[in-house]
Amino acid sequence: MGAVTVQLPDGATREFEEGTTASQFAESIGPRLAKAAVAATFDGAEVDLDTPLRDGAQVSVITADSEAGRAVLRHSTAHVLAQAVLRLWPGAHFAIGPVIEDGFYYDFELPGGVHFSDDDLERIDAAMREIMAEDQPFVRHEHSIEEGLSIFGDQPFKREIIEAVEAGHEEVDAAAEGAGAAQVSTYWNSPTFTDLCRGPHVPSTSHLGHFALMRVAGAYWRGDEKRQQLQRIYGTAWESEKALAVHLDRLAEAERRDHRRLGAELDLFSFPEEIGSGLPVFHPKGGTVRRLMEDYSRQRHEAAGYEFVYTPHITKAELFETSGHLDWFAEGMFPPMELDGGQEYYLKPMNCPFHILIFKSHQRSYRELPMRLFEFGSVYRYEKSGVVHGLTRVRGMTQDDAHIFCTRDQMAHELHSTLTFVLSLLRDFGLDDFFLELSTRPEEKAVGSVEDWDEATEALRTAATAMDLELVIDEGGGAFYGPKISVQARDAIGRTHQMSTMQLDFQEPQRFGMEYIGADNGRHQPVMIHRALFGSVERFFAILLEHYAGAMPTWLSPEQVRVLAVKDEHAAYAHKVADRLRAVGARVSVDPADEHLKARIRKAKVMKIPYILVVGDDDVHAGTVGVNRRGSNQPERGVELMTFTDTLEDEIAGRRIPESPS
RNA sequence: GCCUGGGUAGCUCAGUCGGUAGAGCAACGCACUCGUAAUGCGUAGGUCAGGAGUUCGAUUCUCCUCCCAGGCUCCA
């Protein structure tokens with residue numbers, strides 16, 4: 001017997017008998033490690049635990065509680081899912097079953113065009129647990145392309161994956177599925193189930209079990225809307241029952257924070273069916289929040305040198321022909337209405353052409369630049385019926401839209417100051433965890449020269465780099481007219497949302513023949529920067545609502561204080577307190593003693609009102625209030641009214657953000 | 001647009017193997033006047049999303065439309 005020497009993650013080397021597997025290696029280090037092991041890496045490449053150690057390799061063990069380990073668990077669980085489905089629906093075809101964030105899915109085509117129903121998930125779940133109880137091994141085999149095609153003779157999707165690789169297409173995706181240029185790898189679980197897969201997998205199905213099937217959905221084969229639609233099952237899997245429970249709790253928390261739910265509960269907005277899909281109405285409370293957001297934004301924009309404009313909601317087709325929207329964006333627009341003997345009018349999906357016309361209303365001088373035109377512009381976009389979602393994806397929305405027209409020399413400075421302005425405004429609303437994304441030229445849909453695109457992209461990159469934030473490149477994600485930077489924000493529960501966008505545009509100025517007279521007395525074309533900070537007011541509203549779980553900072557709360565009289569006889573004092581607070585600009589209501597105090601407290605708490613003031617005999621005599629703060633169940637008695645008023649006024653004026661939004 | 005599931009009182013939901021419906025909360029009324037997260041009793045409230053078909057009879061079965069949810073595709 002020979003010996004092999006391997007290097008441990010800490011740099012130490014150890015010698016093993018030839019033929020020692022990764023699993024035995026883990027055991028030699030410690031029983032706990034061996035128990036948690038799901039796979040290993042040799043020189044960085046993931047392998048199964050039964051793989052013999054390779055001489056000279058750097059070896060490390062992948063444990064179930066690591067990201068890589070969970071990916072192995074999820075991948076293996078996906079295999080069991082496929083096996084269970086084949087057990088329940090003999091003759092089913094299975095396509096791909098990758099790991100995704102927090103889980104996995106597997107796509108199927110059932111015989112006879114049958115579809116999964118929600119009830120089927122229970123049956124499949126039970127079958128999966130049977131397979132896990134059977135402790136079936138995952139046995140890896142390597143095959144030639146021909147053997148692979150033969151093994152999956154009755155599995156058209158698997159054959160297609162193998163054939164695609166053979167033909168030299170899509171190596172990356174297929175490699176993940178186990179098909180390589182010269183060979184394919186499979187995992188055998190039982191005489192009735194073998195799957196194409198790169199691996200690695202857990203040694204046997206009994207290593208799995210902390211999983212849940214989440215939902216069934218349709219999904220196009222290869223993500224192509226023109227190809228057949230398969231049946232997808234989503235699941236999640238974790239290293240322990242506890243980790244699974246934590247994940248499910250997180251989902252439940254996200255559901256509690258869902259803005260659609262909060263919108264109804266807090267009486268902020270609704271989507272009347274009579275109006276149509278994706279067309280929200282804001283109720284008085286939601287309207288108050290929205291107005292405060294808009295007012296503050298206006299105030300900041302005015303201070304930052306923006307000028308305010310107003311433009312109509314519809315326009316002749318010609319405007320969007322000139323801008324190129326009808327060439328590039330027609331499917332996102334509502335169909336035209338025909339007026340005045342054949343003249344076509346469109347609802348506007350964007351505000352930019354209107355602002356351009358304001359610029360063009362008379363001859364401009366370089367002395368007027370940069371010109372920053374701002375509008376809360378309502379736009380209408382025909383979103384496909386299946387994509388409309390609460391306030392975040394609507395068919396009618398208001399953008400806090402502005403267009404900056406400047407010279408090429410001013411461009412860098414404008415981009416820098418705009419980005420600084422954006423971040424400052426978002427921070428005032430309580431978002432402070434950002435990263436930036438730079439979206440570059442889309443291959444298919446782009447107008448203008450590559451040189452212009454390169455210059456614009458570099459200008460954006462420079463501005464982004466100066467912000468000292470993480471920068472992610474989104475290759476090909478730009479708009480048809482120019483590259484963009486978007487600000488992504490992480491919310492209170494760690495989700496990221498695309499917030500503001502800043503786009504550079506050399507195209508529209510050209511299409512519209514925009515020009516200004518320069519210091520040299522010559523005609524020049526201005527550069528245009530499109531930017532929206534909230535993105536859409538509706539969407540920003542939704543993100544804030546979820547970020548704060550409905551408990552908006554006091555300055556944005558529709559009702560800031562509710563005064564409760566302990567008994568009828570305290571009503572006059574309660575109104576006096578309310579009047580004093582109103583005098584400093586607070587939004588206050590009085591709840592008379594028609595119901596028991598506890599019931600009124602509860603109602604106010606449920607509405608997430610920042611301050612509940614209870615006033616009774618003691619307060620009437622001493623000129624005080626009982627203060628019950630949101631987020632606390634320990635009221636403070638006997639607070640001087642003056643003291644409370646000052647604190648509140650200060651909090652509102654300072655637009656203070658609660659320490660930990662919840 | 002496609003797939004799956006759904007739409008019953010203002011909200012959350014139960015129910016009807018085809019004989020036009022029920023609870024809790026909310027609303028309203030009465031009593032209780034109370035010091036920090038649900039007082040009790042009572043009243044009212046529904047073309048069972050809309051339309052068409054089958055049927056003696058449809059909220060229930062069939063078809064179409066609208067709307068919602070989760071995905072897919074899309075996301076300027």
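- Rounded to an integer number of Å, the gap from Asp107(A) CG to rU4(B) P is 14 Å.
- Atom pair Gln399(A):CD and rC75(B):C1' shows a separation of 13 Å (rounding to whole Å applied).
- Of the residues near RNA chain B, Arg393(A) and Val620(A), the one whose nearest nucleotide (by heavy atom distance) lies more toward the 5' end is Val620(A).
- Positionally, the nearest nucleotide of RNA chain B for Asp619(A) lies more toward the 5' end than for the other of Val394(A) and Asp619(A).
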Going 5' to 3' through nucleotides 65-72 of chain B and flagging B where a protein heavy-atom sits under 4.0 Å of the base, S where only the sugar-phosphate is that close, and - otherwise, we get -BSSSBBB

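- Listed by chain and number, the residues in a side chain to side chain donor-acceptor pair (under 3.5 Å) with Gln229(A) amount to none (sequence neighbours excluded).
- Remark: the Asp617(A) side chain and the rG35(B) base include no donor-acceptor N/O pair separated by less than 3.5 Å.
- Remark: Lys598(A) is in phosphate contact with rA37(B), judged by side-chain N or O atoms under 4.0 Å from OP1 or OP2.
- Near RNA chain B, defined here as any heavy-atom distance below 4.0 Å, the residues from residues 632-644 of chain A are Asn633(A), Pro635(A), Arg637(A), listed numerically.
- With no hydrogens or angles considered, a side-chain donor-acceptor pair links Thr554(A) and Glu651(A) at under 3.5 Å.
- Applying the side chain to side chain donor-acceptor pair (under 3.5 Å) test to residues at least two apart or on different chains, the pairs with a partner in residues 563-574 of chain A are His570(A)-Asp617(A).
- Checked by atom type, the side-chain pair Glu321(A)/Ser323(A) shows no donor-acceptor distance below 3.5 Å.
- Every pair passing salt bridge (charged side-chain N to carboxylate O under 4.0 Å, His left out) that includes a residue from residues 534-546 of chain A is listed here, sequence neighbours excluded: Arg290(A)-Glu538(A), Arg495(A)-Glu546(A).
- Nucleotide rU36(B) holds its P atom 10 Å from the CG atom of Asn628(A), rounded to whole Å.
- The environment of NZ in Lys576(A) is sparse: at most 12 heavy-atom neighbours from other residues, nucleotides or ligands sit within 6.0 Å.
- Spacing between rC68(B) and rC32(B) at atom P, rounded to whole Å, works out to 48 Å.
- At rC34(B), one or more side-chain N or O atoms of Lys567(A) fall inside 4.0 Å of OP1 or OP2 (strictly under the cut-off).
- In this structure, Asp400(A) has no salt bridge (Lys or Arg N to Asp or Glu O under 4.0 Å) partners at least two apart in sequence or on a different chain.
- Evaluation of the ring-ring contact (aromatic ring centres under 6.0 Å, His included) rule for Trp89(A) yields Phe116(A) as partners, not counting sequence neighbours.
- Out of rA37(B), rU36(B), rA27(B), the shortest distance to the side chain of Lys603(A) is found at rA27(B).
- Between Leu460(A) and the options Leu504(A), Thr440(A), Leu419(A), a side-chain contact (heavy atoms from CB on, under 4.5 Å) holds for only Leu504(A).
- For the pair Met350(A) CE and rC75(B) C1', the computed distance is 11 Å after rounding to whole Å.
- Nearest to the side-chain atoms of Asp568(A) among the listed nucleotides rU33(B), rG35(B), rC75(B) stands rU33(B).
- Taking atom P on both rU16(B) and rA37(B), the two are 41 Å apart, rounded to the nearest angstrom.
- Among residue pairs with one or both ends in residues 261-281 of chain A, those qualifying as salt bridge (charged side-chain N to carboxylate O under 4.0 Å, His left out) are Arg261(A)-Glu265(A); sequence neighbours excluded.
- Remark: Arg629(A) CZ is loosely packed, at most 12 non-hydrogen atoms of other residues, nucleotides or ligands lying under 6.0 Å away.
- Arg630(A) places its CZ atom 17 Å from the P atom of rA37(B), with the value rounded to the nearest Å.
- Side-chain atoms of His355(A) and Thr311(A) include no donor-acceptor pair closer than 3.5 Å.
- Listed by chain and residue number, nothing satisfies the side chain to side chain donor-acceptor pair (under 3.5 Å) test with Arg395(A) (two or more places apart in sequence, or in another chain).
- Nucleotides rG35(B) and rC30(B), compared at atom P, are 23 Å apart to the nearest Å.
- Comparing the P positions of rC61(B) and rU8(B) gives a spacing of 15 Å, expressed to the nearest Å.
- For rG18(B) and rU60(B), the P atoms lie 11 Å apart once the distance is rounded to whole Å.
- The separation between Lys605(A) atom NZ and rA38(B) atom C1' is 15 Å, rounded to whole Å.
- Comparing rA44(B) with rG6(B), their C1' atoms are spaced 29 Å from each other, to the whole Å.
- Contact annotation for Glu265(A): no contact, since no heavy-atom pair falls under 4.0 Å across all strands.
- Residues Arg222(A) and Tyr220(A) have side chains that never bring a donor and an acceptor to within less than 3.5 angstrom of each other.
- Of the residues Tyr106(A), Phe94(A), Phe108(A), Trp221(A), the one that meets the ring pair (Phe, Tyr, Trp, His ring centres under 6.0 Å) test with Phe157(A) is Trp221(A).
- Protein atom CZ of Arg600(A) is 13 Å distant from nucleotide atom P of rU33(B), rounded to whole Å.
- Nucleotides rC25(B) and rA38(B) have their P atoms positioned 13 Å apart, rounded to a whole Å.
- Remark: Arg490(A) pairs with Asp433(A) by the side chain to side chain donor-acceptor pair (under 3.5 Å) rule, at least two apart or across chains.
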Output field dot_bracket for RNA chain B (Watson-Crick or G-U, both distances under 3.5 Å, | for other-strand pairs) contains (((((((..((((.....[..)))).(((((.......))))).....(((((..]....))))))))))))....

Distances under 3.5 Å only, N/O to N/O: pair up the protein atoms with those of nucleotides 29-32 of chain B.
unit_1, atom_1, unit_2, atom_2, d
rC32(B), O2, His596(A), NE2, 2.6
rC32(B), N4, Asp594(A), O, 3.4

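- For the P atom pair drawn from rA27(B) and rC11(B), the interatomic distance equals 14 Å after rounding to whole Å.
- For the pair Leu110(A) CG and rC3(B) P, the interatomic distance rounds to 15 Å; values are reported in whole Å.
- Residue Gly332(A) is classed as having no contact, given no heavy-atom separation below 4.0 Å to the nucleic acid.
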